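Have a look at the structure below before the remarks.
Below, each value reflects all heavy atoms present in this structure, side chains not excepted, and no hydrogens, waters or symmetry copies. Remember, predicted model here, so these are calculated numbers, not experimental data. Nothing fancy with the numbering, it's 1 onward along the sequence. In listed order, ligands and their atoms are each counted from 1.
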Amino acid sequence: MSQPSRCLKSLNSFALNANAQEIVTLSNLAELEQFAQQLPKQFYILGGGSNSLFINDYQGTVVCPDFKGINVANTEDAYLLEVASGENWHDLVHYCLANNMPGLENLALIPGNCGAAPIQNIGAYGIEFANVCDYVKWFDFATGKVEILSKGECDFDYRNSIFKGSLKNKGIVIAVGIKLNKQWQPLLNYAGLNELGSSPTPKQVFEQVVAIRQAKLPDPKHLPNAGSFFKNPVISQELFENIKLQYPKLISYPLTNGDVKLAAGWLIQECDLKGKTIGGAAVHKLQALVLVNIDNASGSDVVALAKFVQRTVFKKFGVNLEPEVRIIASSGEILLENI
Ligand code: EPU
């Protein structure tokens with residue numbers, strides 16, 4: 001269960017060099033039950049490590065769920081998958097495509113494990129995990145029982161869910177239930193996908209998503225990063241109109257409640273921050289929403305750069321950018337504004 005190494009560098013896609021007091025891998029229910037009976041005072045649950053930034057040595061236990069297995073059932077109109085939390089997300093997308101169960105191809109190449117998909121409701125190219133979620137299988141530390149949360153109970157929102165709210169640190173996702181309709185419809189709303197014509201095959205959509213991602217987003221294996229560093233901010237219609245008057249090229253997406261979501265990458269780019277570096281951390285040259293580790297960045301380099309980006313965007317547009325990544329300091333998760 002407990003690993004000899006305490007080094008987190010290879011376990012986080014930003015490749016920050018930090019240690020934990022202890023790293024524990026849980027591969028089955030018996031190990032999880034044993035862990036829950038003696039919960040460490042301080043612990044952090046780490047999935048694929050693609051959204052966690054360890055800015056200091058972590059004074060607690062890092063828990064890595066490593067449950068494996070994919071089960072597929074069939075109804076007349078859908079494929080029902082139960083996927084263990086330690087399965088790699090992109091491998092799942094690939095597996096579904098190879099087995100003629102399309103529906104996940106827009107979510108190709110998202111780094112991380114399946115257990116993390118519901119936590120931050122991963123999303124890309126017009127679809128979110130919530131759109132395919134059937135249920136989440138959850139181990140509750142307090143009761144020691146496995147519970148099934150329906151999609152509705154997960155409170156999914158933009159990069160958010162109950163697992164980041166009231167259930168934070170209360171248990172572990174052990175599997176996700178995914179429902180893929182047999183009547184497959186391509187989702188081609190995203191700009192780069194509508195080039196595919198009206199009736200592409202799932203494989204064509206998959207390949208196009210992979211090509212778009214590879215063109216814009218750095219591969220963490222070659223250039224360590226945690227995907228989008230900030231969320232796309234949501235602002236009021238009033239503030240939106242004020243900004244738009246001054247910056248007519250502002251990229252925005254209207255929401256059904258009247259608010260407006262802005263493209264944070266565009267805001268950062270307009271501040272001329274592409275390529276900006278602090279220490280070993282940089283704003284990616286091709287996608288300004290991604291911060292990258294170009295040269296052994298330290299936690300303080302990343303924090304200083306993130307704060308600089310936040311301040312500069314706020315000064316120019318009056319819009320506050322909130323990190324999408326989770327920042328983990330020595331005593332646990334911390335908000336950027338509190339550092
Ligand atoms: N843009 C710029 N300059 C930039 C970056 C973006 O002008 O440097 C513009 C783009 O041209 C586009 C708009 O801003 O018109 C949006 O950019 P993009 O399509 O690249 O997507 P995003 O809003 O920056 C979000 C997700 C990504 C997801 C893409 C595609 C968030 C925080 N990020 O990024 O998810 O892959 O949409 O759907 O919502 C992630 O969460 O880690 C992630 C990579």
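- The stretch residues 323-339 participates, sequence neighbours left out, in these salt bridge (Lys or Arg N to Asp or Glu O under 4.0 Å) pairs: R159-E324, K168-E333, R326-E333.
- A salt bridge is defined here as a Lys NZ or Arg NE, NH1 or NH2 lying under 4.0 Å from an Asp or Glu carboxylate O, and K68 with D66 meets this definition.
- Within 4.0 Å of ligand 1, protein heavy atoms come from G123, A124, Y125, Y158, R159, Y190, R213, K216, G227, S228, F230, K231, N232, I251, Y253, A263, G265, W266, Q269, K274, Q287, A288, L289, E324.
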Please report, to 0.1 Å, the donor-acceptor pairs under 3.5 Å made by any side chain of residues 113-129, with sequence neighbours excluded.
unit_1, atom_1, unit_2, atom_2, d
Q120, OE1, N51, ND2, 3.4
N121, OD1, F129, N, 3.3
N121, OD1, A130, N, 3.0
N121, ND2, E128, OE1, 3.1
N121, ND2, D157, O, 2.9

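- The aromatic rings of F141 and F139 stand perpendicular to each other, their planes meeting at an angle above 60°, with 30° marking the opposite boundary.
- Listed by first and then second residue, the ring pair (Phe, Tyr, Trp, His ring centres under 6.0 Å) pairs that reach into residues 224-255 are Y247-F317, sequence neighbours excluded.
- Linking ILVMFWY residues whenever their side-chain heavy atoms come closer than 4.5 Å, directly or via other members, leaves L305 and L217 in distinct clusters.
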